[in-house]
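Here is the structure we will look at, set down as structure tokens.
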Amino acid sequence: MINLLDLDLDALSASCEALGEKRFRAIQLFRWIHQRGVAEFDAMSDLARTLREKLATRACISAPPVAAEQVSADGTTKWLFDVGGGDAVESVFIPEADRGTLCVSSQAGCAVGCRFCHTGHQGFSRNLTTGEIVGQLWFAEHQLRKRLALTDGQRAIDNVVMMGMGEPLQNYAALLPALRTMLDDHGYGLSRRRVTVSTSGVVPMIDRLRVDCPVALAVSLHAPDDGLRDQLVPINRKYPIDELLRACVRYLDAAPRDFITFEYCMLDGVNDAPAQARALVGLLHGRVPCKLNLIPFNPFPASGLRRSPRERVFAFADVLQQAGIVTTIRRTRGDDIAAACGQLAGEVRDRTRAIERLTRPTIRLHPLGVDASST
Ligand code: SAH
Ligand code: SF4
């Protein structure tokens, strides 16, 4: 049984051709699935009965089942999707006055293991399939259209950020067809500028994405120097800041926006000093056209870290802005339902952590006195 949510339009066309059908049939089918949210072949009234019967014996349209739904006081909605084997991943819908954003997961857990991230603390279980990535959008879009009583042609989600659980660029093979389906005019028709891949800095894959499917890019920086970034974002040991920034500059050649967004999670006493803001200016100014997005740290038990006080965040932003770097401070949404950045944990059976513990050096944020011995 093949799950049609796993296929972008080219792959669906190839499958249809194998059944002796022309490409325009694949387009019809794709539109039924993604634009109309239909999961039953029988309801696809303009497809020939013989084709519908053939499809019913060979294919299905199946998103991961929803295990839980929570709606926050501010309208933010979080779904927990059961992806089997004891794993579950989360997606978050964030309504705003002028648009709706869906934050989508790419992996059950994450192998990068960032110091301040709940997902990272859980370890890694497995990559999601394309169908599980697209399934989050397919389900959310069509459920929200019903909930919001939208008429045909109106969409609930016009912005997708790959900022849920997982490192999307460590699941590139599944990510790529998912992005193509999001962008396809016969699929979700989202603009490249409104689909954002957020990465901790998998340099070779940033280059692949630039060639294969340049969408908006957000890079999780979190530190102005390699010493600190090595500790906060362990992948920095493999791809240090200089290499990462070079990849960002190359990406801009093809990017739909003329800047890179850098995310910077504000950790009290760790990376939020004015001197660190100045170091960041020194690093970025005149080198990478960018915007800085400061994210107040969302605490979770066992992180051993604290959110920077507001004044410190403002002072940090001020240094950047004075230097001409556009800086925003992310408003925390949905934290009453643990739906804010970095709080997504789902339920993940860690299949790596035991091994990692044996091989990974202990992380210690020594200059700043944060006790990280629990990691
Ligand atoms: N793996 C990708 C995308 C998922 S994380 C990445 O790291 O970019 C999405 C964003 O949330 C990243 O910028 C990440 O650094 C940030 N984040 C993770 N944990 C957080 C926390 N506890 N508080 C605030 N932001 C967090
Ligand atoms: Fe993985 Fe991103 Fe969390 Fe780091 S911040 S552990 S890369 S999900």
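Everything numeric in this text was worked out from a predicted model, so none of it was measured. All heavy atoms count here, side chains included; hydrogens, waters and symmetry mates do not. Ligands are counted one by one from 1 in listed order, and the atoms in each one are counted from 1 as well.
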Exercise. What is the minimum heavy-atom distance between Cys114 and Pro234, and which atoms define it?
Worked result: CA-CD, 3.9 Å
Exercise. What protein N/O/S atoms lie closer than 2.8 Å to atom 4 (Fe) of ligand 2?
Worked result: Cys114 SG
When you compare ligand 1 with [X], is there at least one nitrogen or oxygen pair between them that comes in under 3.5 angstrom?
X      : result
Ile295 : no
Gly166 : yes
Asn298 : yes

Using a strict cut-off of 4.0 Å, indicate which atoms of ligand 1 neighbour a heavy atom of [X].
X      : result
Met162 : 3 (C)
Cys117 : 18 (C), 19 (N)
Cys265 : 23 (N), 24 (C), 25 (N)

For this session: Please round to the nearest 0.5 Å and tell me the distance separating atom SG of Cys16 and atom CG of Leu4.
Result: 8.0 Å
Exercise. When you measure from atom 2 (Fe) of ligand 2 to every protein heavy atom, which one gives the shortest distance, and what is it?
Worked result: Gly166 O, 4.4 Å
Exercise. Does a side-chain heavy-atom distance below 4.5 Å link Gln28 with Met44?
Worked result: no
Problem set entry | Heavy-atom proximity to atom 4 (C) of ligand 1, best of Ser200, Gly164, Ser198, Cys114 | Gly164
Exercise. Which one of Met163, Arg330, Met266, Gln170 has a non-hydrogen atom at the shortest distance from atom 9 (C) of ligand 1?
Worked result: Met163
